[in-house]
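A short worksheet on the structure shown next.
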Amino acid sequence: MVIIRQHLVNPAVAIKVTAGHKNMRKKVCIHETDNTKTGSGADNHARLQANGNSRQASWHWSVDDKEAIQSFTHDYQCWAAGSTQGNNEGIHVEICVNMDGDYVRSVQNTAALVAKILKDEKLTINDVVQHNYYSGKNCPNKLRSASASIPWGSFLQMVKANMQHTESNNIVEREDDIMKFTSSTTKEAVRDFIKQSVDKGKIVKSWLDKFDQGTMTTGDFEGLKIIISQR
């Protein structure tokens with residue numbers, strides 16, 4: 001069973017790393033992060049995108065052995081394929097390969113997620129492609145390997161099996177930990193703290209926008225406090 005949730009990138013950040021709401025949503029494109037560092041799971045990659053990726057790159061979903069996190073809604077044209085066609089029509093899913101994760105479980109979770117995406121977008125198993133399909137890059141590296149623990153063909157069979165379930169018993173949808181306040185005084189104090197940090201140039205204004213839009217999570221805020229304290 002895979003938990004799926006959203007940690008959507010602020011529009012002010014999204015405009016810098018996507019082509020906007022232009023995606024034709026014809027394919028689901030599978031990638032692997034190639035990031036084996038300890039702790040580099042789905043949450044880590046989702047926060048990388050939310051905080052403003054230093055590279056001009058973006059993708060819709062990050063999946064590890066615990067959860068699948070959506071960074072962009074499917075109508076966003078993300079920059080992940082290495083080709084114009086792939087960016088124009090792909091829903092891009094990154095499988096995490098961090099050394100402290102369970103890769104097989106990550107692939108299983110990805111299969112469940114992809115089945116859901118195919119159903120939601122009214123696509124078929126023939127619309128699931130590798131990153132290699134668009135750019136020629138050896139990606140997803142592990143799934144493409146001749147010695148893969150789960151080869152590409154087996155992955156597609158897993159997706160098919162998930163599509164045949166009459167109920168979404170392999171998916172648990174969860175709201176992210178959006179900040180909530182029981183006191184207006186506390187909320188105003190937190191906003192003032194963020195605004196002062198913006199005014200001092202310690203963080204970018206998109207963080208204040210995120211707070212005002214009600215999309216800042218408690219995890220965002222904890223990370224933000226660390227960033228502010230180090231500057």
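Numbers for residues simply follow the sequence, beginning at 1.
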*asked:* If you define the side chain from C-beta out and look only at heavy atoms, does anything of Asn132 sit under 4.5 Å from Cys139?
replied: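 Contact flag for Asn132/Cys139 side chains = no.
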
*asked:* Within the 4.5 Å heavy-atom criterion, are Trp152 and Arg144 side-chain neighbours or not?
replied: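 No, side chains not in contact.
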
*Please name the residue in the list Glu32, His92, His31 that meets the side-chain hydrogen bond (donor to acceptor under 3.5 Å, both in side chains) test with His131.*
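With His131 as partner, side-chain hydrogen bond (donor to acceptor under 3.5 Å, both in side chains) holds for just one option, His31.
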
_Option from Asn88, Asn23, Thr84 for which side-chain hydrogen bond (donor to acceptor under 3.5 Å, both in side chains) with Gln77 holds_ =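 When side-chain hydrogen bond (donor to acceptor under 3.5 Å, both in side chains) is applied between Gln77 and each of Asn88, Asn23, Thr84, only Asn88 qualifies.
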
_Partner set under salt bridge (charged side-chain N to carboxylate O under 4.0 Å, His left out) for Glu121, not counting sequence neighbours_ =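 For Glu121 the salt bridge (charged side-chain N to carboxylate O under 4.0 Å, His left out) partners, ignoring immediate neighbours, are Arg25.
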
*Can you list the other members of the hydrophobic cluster that holds Val129, where links are side-chain heavy atoms under 4.5 angstrom apart?*
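When side chains under 4.5 Å apart are linked, the cluster holding Val129 also contains Tyr133, Tyr134.
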
*Hydrophobic side-chain clustering at under 4.5 Å (ILVMFWY, transitive links): who's grouped with Ile226? Put none if nobody.*
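Its cluster partners, ordered by chain and number, are none at all.
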
_Treating Asn98 as the side-chain partner and Thr38 as the backbone partner, does any N or O pair qualify as donor plus acceptor under 3.5 Å?_
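No, because the side chain of Asn98 does not come within donor-acceptor range (under 3.5 Å) of the backbone of Thr38.
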
*Any donor-acceptor N/O pair, Ser106 side chain to Asp65 backbone, under 3.5 Å*: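 Yes; at least one donor-acceptor contact below 3.5 Å.
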
*Could you state the interatomic distance from SG (Cys96) to CD (Glu67), rounded to the nearest 0.5 Å?*
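Atom-to-atom, Cys96:SG and Glu67:CD are 9.5 Å apart.
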
*asked:* So, taking the atom named CD1 in Ile125 and the one named CG in Leu118, what distance separates them when rounded to the nearest 0.5 Å?
replied: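 Nearest 0.5 Å value for the CD1-CG distance: 6.0 Å.
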
*asked:* A quick test of your reading: do over 12 heavy atoms of other residues, nucleotides or ligands sit less than 6.0 Å from CD1 of Ile15?
replied: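 For Ile15, atom CD1 is not crowded (no more than 12 foreign heavy atoms under 6.0 Å).
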
*Hey, what's the ring geometry for Phe221 with Phe193, parallel, tilted or perpendicular (30° and 60° as the breaks)?*
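Aromatic pair Phe221/Phe193 classed perpendicular.
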
*Parallel, tilted or perpendicular: which fits the ring planes of Tyr76 and Phe72, with parallel below 30° and perpendicular above 60°?*
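Tyr76 and Phe72: perpendicular rings.
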
*side-chain contact (heavy atoms from CB on, under 4.5 Å) assessment of Arg191 paired with Asp212*: CA-CA 8 Å; Arg191 187 185 189 281; Asp212 288 340; 2.8 Å; yes

*Side-chain donor-acceptor contact under 3.5 Å, Asp209 with Gln213*: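 The answer is no; no qualifying pair exists.
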
